[in-house]
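Naming convention: chains lettered A, B, ... in sequence-line order (proteins, then strands); numbering from 1 in each chain.
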2 protein chains.
Amino acid sequence: MLDDISLKILKILQEKARIPNVEVARQVEMAPSAVLERIRKLERQGFIDGYEVRLNPEQFDYRQIAFIKVQTSTVGDSPEVGQRLAEIAEVQEVHYIAGEDGYLVKLRVADTRELATIIREKIAVIQEVSATQTSTVLQTYKETARIPIRG
Amino acid sequence: MLDDISLKILKILQEKARIPNVEVARQVEMAPSAVLERIRKLERQGFIDGYEVRLNPEQFDYRQIAFIKVQTSTVGDSPEVGQRLAEIAEVQEVHYIAGEDGYLVKLRVADTRELATIIREKIAVIQEVSATQTSTVLQTYKETARIPIRG
DNA sequence: GTTGAAAATATACAGAC
DNA sequence: GTCTGTATATTTTCAAC
């Protein structure tokens, strides 16, 4: 699928996304233009989805992570509920979970007070939502979107 | 804390992290050198944690997300368990959850077969782990590390 | 894939506010 | 301390091979 050079390029970019293209080229010992072409191709082919700046949540007054299990009265996965949950700005993740007729929602807030407000005003108001169960995070040991590149 | 210009710069970078500095400068109508200085300062002050490339998990044969509740026999949060869970390559998140004497682990795997292997060979083998409860994801509606910038 | 030159961008610095 | 403007260095782009 991907050859060793492309895999190496991706590993380098996963270490440090803002590294200049010429530096990547040095590390894989190829001409910068060839490396650039490979990266563009990886973007076109959908191996690379994009580039993100990672802000420090605590600096922006998001000190609390919470996971909320959202139960619905309807059986199965009705797209509307997932989408409505996804629209909430503070929500970072929405997953529909097997065997529980419900969604798992991850969100960030300043504190439990703001958490309560969001549950009350943005989640509980969704028609199909029948119950929520909130777990607050006391400590985070790892939080990354990185995946191990096979090969 | 941060003035409107820095907030605007951060919003621009959150939209598109790989945008050239001169383009950011155009959008905020300032000299590139001033914008660069602000970004460097935001990095130094820890508002910006770093830059990441976002790979498409499915393209790398990670088609299954799972959340695993990991219960421990010891009461409270013993740093060793959290760290050992964090060391597992496929694990993207490890949180210690209030009121459950356990961790919530998010990971990505190819399929349920690989999931079973990791639980058996990498999670269950940790001494303090007394039980695990796995939820598999059927559909994901949102998955981002973005935070709403206040102000 | 490479090279090489032109264009664009990033960086460093001086001076104004 | 932060901005602008300029110079200098580096990188990106692109044509030719």
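Taking atom CZ on A/Arg38 and atom P on C/dG1, their separation rounds to 4 Å, with Å as the unit. Going from atom CD of B/Glu37 over to atom C1' of D/dC3 covers 9 Å, rounded to whole Å. Rounded to whole Å, the distance from CD on A/Glu29 to C1' on C/dT3 is 17 Å. A/Arg18 places its CZ atom 8 Å from the P atom of C/dA10, with the value rounded to the nearest Å. Atom C1' of nucleotide D/dT2 and atom CD1 of B/Ile9 are separated by 12 Å, given to the nearest angstrom. In this structure, B/Ile39 atom CD1 and D/dT2 atom C1' are separated by 15 Å, rounded to whole Å.
For A/Asp4, the CG atom sits in a loose shell: 12 or fewer heavy atoms of surrounding residues, nucleotides or ligands are nearer than 6.0 Å. Crowding of A/Glu29 atom CD: a count of heavy atoms from other residues, nucleotides or ligands under 6.0 Å not exceeding 12.
B/Glu90 has a carboxylate O that lies under 4.0 Å from a charged side-chain N of B/Lys122, or vice versa, which qualifies the two as a salt bridge. Between B/Lys8 and B/Asp3, none of the side-chain N atoms (NZ, or NE/NH1/NH2) sits under 4.0 Å from a carboxylate O, so this pair counts as no salt bridge. With respect to the salt-bridge test (charged N to carboxylate O, under 4.0 angstrom), the residues B/Glu93 and A/Lys106 qualify. Classification of B/Arg150 and A/Glu114 as a salt-bridged pair holds, one side-chain N sitting under 4.0 Å from a carboxylate O.
When the C1' atoms of four end pairs are superposed on the next four at each end of the helix from C/dG1-D/dC17 to C/dC17-D/dG1, using five pairs per end, the two resulting axes differ in direction by 20°, to 10°.
Taking 4.0 angstrom as the limit, B/Lys41 places none of its side-chain polar atoms (N or O) nearer than this to OP1 or OP2 of D/dG1.
Looking only at atom types and distance, the side chain of B/Glu100 has a donor-acceptor partner in the side chain of A/Ser135 under 3.5 Å away. Between the side chains of A/Tyr51 and A/Glu43, a donor-acceptor pair is found at a separation under 3.5 Å.
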So which protein nitrogen or oxygen atoms get under 3.5 Å of nucleotides 10-13 of chain D's nitrogens or oxygens?
residue	atom	partner	partner atom	Å
D/dT12	OP1	A/Asn21	N	3.2
D/dT12	OP2	A/Asn21	N	3.2
D/dT12	OP2	A/Val22	N	3.1
D/dT13	OP2	A/Arg40	NH2	3.4

